[in-house]
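Here is the structure we will look at, set down as structure tokens.
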Protein chains: 2
Amino acid sequence: MVRRRPTYHHGDLRAALLRAGEEQLARTGVAGFSLRQVASRVGVSHAAPAHHFGDAQGLLAALAAEGFRRFLVAMRHRQANAGDNARALLVASGLGYLDFARSSPALFRLMFGDERIGKPTEELATAANNAFLHLAGDIERLLGVSAFANPTAMARAMAVWSLVHGFASLLNSGHMRTVLSMPPEQQNHFFQVAFAPLLGPLDTD
Amino acid sequence: MVRRRPTYHHGDLRAALLRAGEEQLARTGVAGFSLRQVASRVGVSHAAPAHHFGDAQGLLAALAAEGFRRFLVAMRHRQANAGDNARALLVASGLGYLDFARSSPALFRLMFGDERIGKPTEELATAANNAFLHLAGDIERLLGVSAFANPTAMARAMAVWSLVHGFASLLNSGHMRTVLSMPPEQQNHFFQVAFAPLLGPLDTD
DNA sequence: CCCCTTATCTTGACGGCGACAAGATCAGAG
DNA sequence: CTCTGATCTTGTCGCCGTCAAGATAAGGGG
């Protein structure tokens, strides 16, 4: 694992560090994440990552950005088999959201507000924004109104996002014991029941 | 600040560490939190906290538990002037939830799933549980059914919790830019609009 | 073909960190 | 007064992120 490689130059260190970084993230979590361990895992000196990512924040930000892109893929993946019903498509996005949070809990935490990433990179900001735009698109298809054109629709979009995100976060952090004891499939069903009230028509009082 | 105190024994070190610990949490966040700095802030040697809290996890867990208790107070505080309408009381809890998240963002993060607390202490677990029981009580008053007696009511309770928590978290982590640009009071109004669909009657289909 | 510039990676050092062990100080019981 | 246990200090260890200086490779211009 720490075997010396034959060539002085690695060749594709940046990609290798990202791969190893995500592995370590999954193993040790964000708190136990260490640049030196990632470097050693790739078989490279402890200061090598600096050239590609600047500092630890840089690597973590890159990992988070990559996470947001895969996050989007997870939502789209669920939608692929969900037919063309607007309501079903939104629910599918929610399930994809949960899939991602469950399959990469540490990355999920890193992405949503871990302090070890300071100000988000440009790359990170756009990747995160794209993920929300996807949800906003689902909402627009369901309601027939763009969230950016109608405050009530925006409120609904934020509600949807908040509910899904809160559910995923509370599951992830172990705070929702009642639901946590169920198998994942049943958790999903439970989520859909809880989700249902947000799928109705807009109540523009 | 690091002045040597006259007596060898501090007298009330445990409480002083908790106070200084929360201060440091607010200043540097969870990631920058350091036992040694807390100790130095109290004017005590770097190893002194160990006797009262074991290790860093111990101090953080104690801070989180204290946080959950104050969290409950924040919800009750909002309810004090909310009349006796079940719906208004639940909304008030939600607003208190947001108040707390906004006023102690770092503590809020620590409480909900930071990895630097390992397995929750007994104290921490009960404090966290009491906070959820409060919300469950609000739901029960609104619906007339205990969440622990009716799965649909439980789903509703989880939905309420998830939405409020997700909203608070996304605000806290800066991911909800659209809402973040509004003043707090308007954020609260926005939250209530988004929250409304969850306040209706149970749809036990 | 050689040299030179530049990117890449290594080595070594610094201070700060959490944890541990051993010793100093104090308070209170007997 | 002494003994005992709780409380706090001092010193050390290994690990961490960051920085600076040097070694190595790669590629282009002569």
Side-chain angles (χ1 to χ4, degrees), chain A residues 1-21 24-25 27-64 106 110 114-119 121, chain B residues 1-21 23-25 27-64 110 114-119 121:
Chain A
M1 190 167 305
V2 198
R3 208 174 46 217
R4 188 57 56 234
R5 86 209 100 84
T7 65
Y8 190 94
H9 281 7
H10 182 283
D12 195 17
L13 184 55
R14 190 189 156 88
L17 287 172
L18 283 173
R19 221 171 327 142
Q24 218 220 337
L25 208 56
R27 271 188 306 119
T28 70
V30 190
F33 187 89
S34 136
L35 258 192
R36 288 171 104 107
Q37 279 187 45
V38 175
S40 129
R41 202 144 229 276
V42 174
V44 104
S45 87
H46 64 262
H51 188 79
H52 295 275
F53 296 101
D55 53 4
Q57 279 194 12
L59 177 50
L60 289 172
L63 285 172
L110 175 67
D114 195 280
E115 293 163 348
R116 289 190 62 174
I117 309 179
K119 281 190 179 177
T121 318
Chain B
M1 193 168 301
V2 198
R3 210 174 46 218
R4 186 61 53 237
R5 85 211 99 82
T7 65
Y8 189 97
H9 281 5
H10 182 282
D12 195 16
L13 184 54
R14 190 189 157 88
L17 287 173
L18 283 173
R19 221 171 326 140
E23 268 179 36
Q24 218 220 336
L25 208 56
R27 270 187 307 119
T28 69
V30 190
F33 187 89
S34 136
L35 259 192
R36 289 170 105 108
Q37 279 186 47
V38 175
S40 131
R41 201 143 231 277
V42 175
V44 105
S45 86
H46 64 261
H51 188 80
H52 295 275
F53 296 100
D55 52 6
Q57 279 194 13
L59 176 50
L60 288 171
L63 284 172
L110 175 67
D114 196 279
E115 292 162 347
R116 290 190 62 174
I117 309 179
K119 281 191 177 175
T121 319

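All chains are named by letter (A, B, ...) in the order of the sequence lines, taking the proteins before the strands, and each is independently numbered beginning at 1.
Taking the side chain to side chain contact (heavy atoms under 4.5 Å, CB included) definition, one finds that A:Leu35 meets it with A:Pro49, A:Ala56, A:Leu59, sequence neighbours left out. Residues passing the side-chain hydrogen bond (donor to acceptor under 3.5 Å, both in side chains) test with A:Gln24, sequence neighbours excluded: A:Gln37. Qualifying side chain to side chain contact (heavy atoms under 4.5 Å, CB included) partners for B:Ala48, counting only residues two or more places apart in sequence or in other chains: B:Leu13, B:Val44, B:Ser45. Contacts of A:Ala106 classified as side chain to side chain contact (heavy atoms under 4.5 Å, CB included), with partners at least two apart in sequence or in another chain: A:Leu25, B:Glu115. Scored by the side chain to side chain contact (heavy atoms under 4.5 Å, CB included) test, A:Ala16 finds A:His10, A:Arg19, A:Val42 as partners (sequence neighbours excluded).
The nearest pair of heavy atoms linking B:Ala61 to B:Thr121 is CB-OG1, 3.3 Å. Heavy atoms only, all atoms of each residue included: A:Leu18 and A:Ala62 are closest at CD2-CB, 3.8 Å.
One atom, CZ of B:Phe33, and another, P of D:dC16, lie 21 Å apart when rounded to the nearest Å. Nucleotide D:dT24 holds its C1' atom 15 Å from the CG atom of A:Leu13, rounded to whole Å. B:Gln37 has its CD atom 8 Å from the P atom of C:dG18, to the nearest Å. Rounded to whole Å, the distance from CG on A:Leu35 to C1' on D:dC16 is 9 Å. A:Asp12 places its CG atom 11 Å from the P atom of C:dT8, with the value rounded to the nearest Å. Rounded to an integer number of Å, the gap from CZ of A:Arg41 to C1' of D:dC15 is 17 Å. In this structure, A:His52 atom NE2 and C:dT6 atom P are separated by 18 Å, rounded to whole Å.
Taking five base pairs at each end of the helix from C:dC1-D:dG30 to C:dG30-D:dC1, the local helix axes there meet at an angle of 10°, rounded to 10°.
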Would you tabulate the pairs of protein nitrogen or oxygen atoms and nucleotide nitrogen or oxygen atoms of nucleotides 13-15 of chain C closer than 3.5 angstrom?
none

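Under a 3.5 Å cut-off, the side chain of A:Arg116 and the backbone N or O of A:Val30 do form a donor-acceptor pair.
Annotation: side chain to side chain donor-acceptor pair (under 3.5 Å) contacts involving residues 52-61 of chain A, sequence neighbours excluded, are absent.
For B:Ala47, the side-chain atoms get nearest to C:dA21 when compared with the rest of C:dA7, D:dA6, C:dA21.
A close approach under 4.0 Å does not occur between any side-chain nitrogen or oxygen of A:Ser34 and OP1 or OP2 of D:dC15. Contact check, B:Ser45 against D:dT10: no side-chain N or O comes under 4.0 Å of OP1 or OP2. Note on A:His51: a side-chain N or O is less than 4.0 Å away from OP1 or OP2 of C:dT8.
In this structure, the separation between CG on A:Leu63 and CZ on A:Phe53 is 7.0 Å, given to the nearest 0.5 Å.
Residue A:Arg14 is the one, among B:Gly32 and A:Arg14, whose nearest nucleotide of DNA chain C lies closer to the 5' end (criterion: closest heavy atom).
Taking every heavy atom of residues 53-63 of chain B and every atom of DNA chain D, no pair lies under 4.0 Å.
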